[in-house]
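Just below is one structure, and these are the notes that go with it.
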Amino acid sequence: MKKIYSRIPQPPLNKKEILNFLSNNTTLLVFIVMLVLAAFLSDRFYTADNITNVLRQSVPLGLASLGMLFVILTGGIDLSVGSIMALVSVVVALFIPSIGLWPAILLGVITAIAIGLIAGILVAYVNIAPFIATLAMMTVARGLALIIAKGQPTFIDNNAFVNFGTGYLFGIPLPVYIFALFTIIAQFVYKHTIFGRLTISLGSNETATRFAGIRIERMKIAVYGLSGFACGIAGILAATRTGVGSPVLALGFELDVIAAVVVGGASLAGGKGTVVNTIIGVLILSIISNLMNLMNISGYNQQVVKGLIIILAVMLESYKSKRT
């Protein structure tokens, strides 16, 4: 006897379910929309050279954004990212002739970490608001860069250093591999370590984290040190591309970094954000900047657009928070 199965019709998705899906996947949906729009806005976007250029330009922004993500997860902010990049590029450029390539790079990274740790100490132990503490370190780092460079760019006469910034492996720029490795490490730290879980916990509920016996002061110092380290690597890779250590490198770069993290869905209140979405946010901003360049939109107008993007991203995050 044959069994007769009746297919039970599934009810269509209601409005609430659709809104939940859209709100939970906003970053990815915006990224897909940008990829589609790019084909219509410029016929040069999907050329091999341009895609390579987008990837290369994404590296410093991506590295600094991953460091910023951990700071924002704790409910903090780091305004010193661009100044740290400038200082590190100058330090490396000035010390390569006297102490060699790798010692100069190590000195630059140590300098970046030190700036980040000082900012963390000001936040954690001196109880200065993150905005003020990192604003102060932004000024200090930029001032130091201008002082030791005497206000002038320093050209780097080292073929290995410059060739790395302009080199390729399997058609992909070499700095992209550093970015990919850093992303993998950041994802592992975020998902599979106690440090990652405590970072989120600290931003979600600082009081509860403290009562759980966690030394939150050390956590805060660590995340700012991590941000400094990420910016140090970003500054070095930016210098490999231009072959110059510049005290005015990455002016206003903190705007781009904060925008990338926020567009990636991180909450400025802390406790919310992911590595994957941050990378997507970086790519969204890089695509927007690239498209505006291809469309000959001036840099001044680009700054306005980036500011509006931050406002829209924060408004969207506020809306999502109210719904939950």
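In this chain, numbering begins with 1 at the start of the sequence shown.
At least one donor-acceptor pair under 3.5 Å links the side chain of Thr47 to the backbone N or O of Arg44. Using a distance-only test at 3.5 Å, with no hydrogens or angles considered, a donor-acceptor pair links the side chain of Asn293 to the main chain of Ser289. Ser80 places no side-chain N or O within donor-acceptor distance of the main-chain N or O of Met138, the cut-off being under 3.5 Å. Using a distance-only test at 3.5 Å, with no hydrogens or angles considered, no donor-acceptor pair links the side chain of Ser42 to the main chain of Ala38. Using modelled atom types, no side-chain atom of Asn301 and backbone atom of Ile297 make a donor-acceptor pair closer than 3.5 Å. Judged by distance alone, the side chain of Ser227 and the main-chain N or O of Val223 form no donor-acceptor pair under 3.5 Å. The backbone N or O of Ser201 sits less than 3.5 Å from a side-chain atom of Thr209, completing a donor-acceptor pair. Listed for the Tyr46 side chain is a donor-acceptor partner under 3.5 Å among the backbone atoms of Leu35. Between the side chain of Tyr224 and the backbone N or O of Val123, no donor-acceptor pair lies under 3.5 Å. The backbone N or O of Ala149 lies less than 3.5 Å from no partner atom in the side chain of Thr154, so there is not a single donor-acceptor pair.
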Stepwise side-chain contact (heavy atoms from CB on, under 4.5 Å) test for Tyr177 and Leu181: CA-CA 6 Å; Tyr177 289 98; Leu181 177 61; over 6 Å; no
Could you go step by step and tell me if Val176 and Val59 meet the side-chain contact (heavy atoms from CB on, under 4.5 Å) rule? CA-CA 6 Å; Val176 175; Val59 172; 4.0 Å; yes
Apply side-chain contact (heavy atoms from CB on, under 4.5 Å) to the pair Thr199 and Tyr190, showing each step before the final yes or no. CA-CA 8 Å; Thr199 300; Tyr190 175 84; over 6 Å; no
Does the side-chain contact (heavy atoms from CB on, under 4.5 Å) test come out yes or no for Val305 and Met292, once each step is laid out? CA-CA 10 Å; Val305 171; Met292 288 192 290; 3.9 Å; yes
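Looking at Ser65 and Thr278, their side chains never bring a donor and an acceptor atom within 3.5 Å of each other.
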Side-chain donor-acceptor contacts of residues 245-259 below 3.5 Å, not counting sequence neighbours, with atom names and distances?
{"residue": "Ser246", "atom": "OG", "partner": "Val248", "partner atom": "N", "Å": "3.2"}
{"residue": "Asp256", "atom": "OD1", "partner": "Lys306", "partner atom": "NZ", "Å": "3.3"}
{"residue": "Asp256", "atom": "OD2", "partner": "Lys306", "partner atom": "NZ", "Å": "3.3"}

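Using a 4.5 Å heavy-atom threshold, the side chains of Thr240 and Val162 count as separate. Side-chain atoms of Arg215 and Lys220, non-hydrogen and from C-beta on, never get closer than 4.5 Å to each other. Pro175 places none of its side-chain heavy atoms less than 4.5 Å from the side chain of Ile178. At least one side-chain heavy atom of Ile148 sits under 4.5 Å from a side-chain heavy atom of Leu87. Two residues are said to be in side-chain contact when any heavy atoms from C-beta on lie closer than 4.5 Å; Phe95 and Leu106 fail this criterion. By the 4.5 Å heavy-atom criterion applied to side chains, His192 and Arg197 are not counted as neighbours. Proximity of Met137 to Leu122: side-chain heavy atoms (C-beta onward) are separated by under 4.5 Å at one or more points. Under the 4.5 Å side-chain criterion, counting only non-hydrogen atoms from C-beta, Leu283 is in contact with Ser58.
When the shell of 6.0 Å around CG of Asn205 is examined, it contains more than 12 heavy atoms from other residues, nucleotides or ligands. Counting non-hydrogen atoms of other residues, nucleotides and ligands closer than 6.0 Å to CG of Leu169 gives a total above 12.
With a 4.5 Å cut-off between side-chain heavy atoms of Ile, Leu, Val, Met, Phe, Trp and Tyr, the cluster of Phe211 takes in none. If you chain together ILVMFWY residues whose side-chain heavy atoms come under 4.5 Å of each other, Phe155 ends up grouped with Val244.
Rounded to the nearest 0.5 angstrom, Met34 CE and Asn290 CG are separated by 9.5 Å. Rounded to the nearest 0.5 angstrom, Ile200 CD1 and Phe70 CZ are separated by 8.0 Å. Phe179 contributes atom CZ, which lies 3.5 Å from atom CD1 of Ile279 (distance to the nearest 0.5 angstrom). Taken from CG in Asn50 to CG in Leu55, the straight-line distance is 10.0 Å, to the nearest 0.5 Å. Note: Thr74 OG1 to Leu69 CG = 10.0 Å, rounded to the nearest 0.5 Å. Taking OG1 of Thr139 as the start and CG of Leu79 as the end, the distance is 9.5 Å to the nearest 0.5 Å.
Note: the hydrophobic cluster containing Ile72 does not contain Leu312 (ILVMFWY, side chain heavy atoms under 4.5 Å, direct or indirect links). No continuous path of hydrophobic side-chain contacts links Val275 to Ile184 [ILVMFWY only; heavy atoms under 4.5 Å]. Note on Ile172: it clusters hydrophobically with Leu63, by side-chain heavy-atom contacts below 4.5 Å among ILVMFWY residues. Residues Leu226 and Ile185 are members of one and the same hydrophobic cluster, defined by side-chain heavy-atom contacts under 4.5 angstrom among Ile, Leu, Val, Met, Phe, Trp and Tyr. Hydrophobic cluster membership is shared by Phe195 and Phe182, with clusters built from Ile, Leu, Val, Met, Phe, Trp and Tyr side chains linked at under 4.5 angstrom.
Taking each heavy atom of Ile221 and Ala124 in turn, the nearest pair found is CG1-CB, 4.0 Å. Nearest approach of Ala238 to Pro60, heavy atoms of both residues: CB-CG, 4.3 Å. Of all heavy-atom pairs between Ala160 and Leu101, the closest is CB-CD2, 4.2 Å. A pairwise comparison of heavy atoms in Gly232 and Val88 identifies O-CG1, 3.6 Å as the closest pair. Contact detail for Ala239 and Ile156: the closest heavy-atom pair is CB-CD1, 4.2 Å. What you find for Ile77 and Thr134 is that their closest heavy atoms are O-CG2, 3.3 Å.
Shown are Val109, Ile115, Ile110; of these, the side-chain contact (heavy atoms from CB on, under 4.5 Å) with Ile113 is made only by Val109.
Both tests pass for Arg56 against the ring of Tyr168: distance under 6.0 Å to the centre and angle within 45° of the axis.
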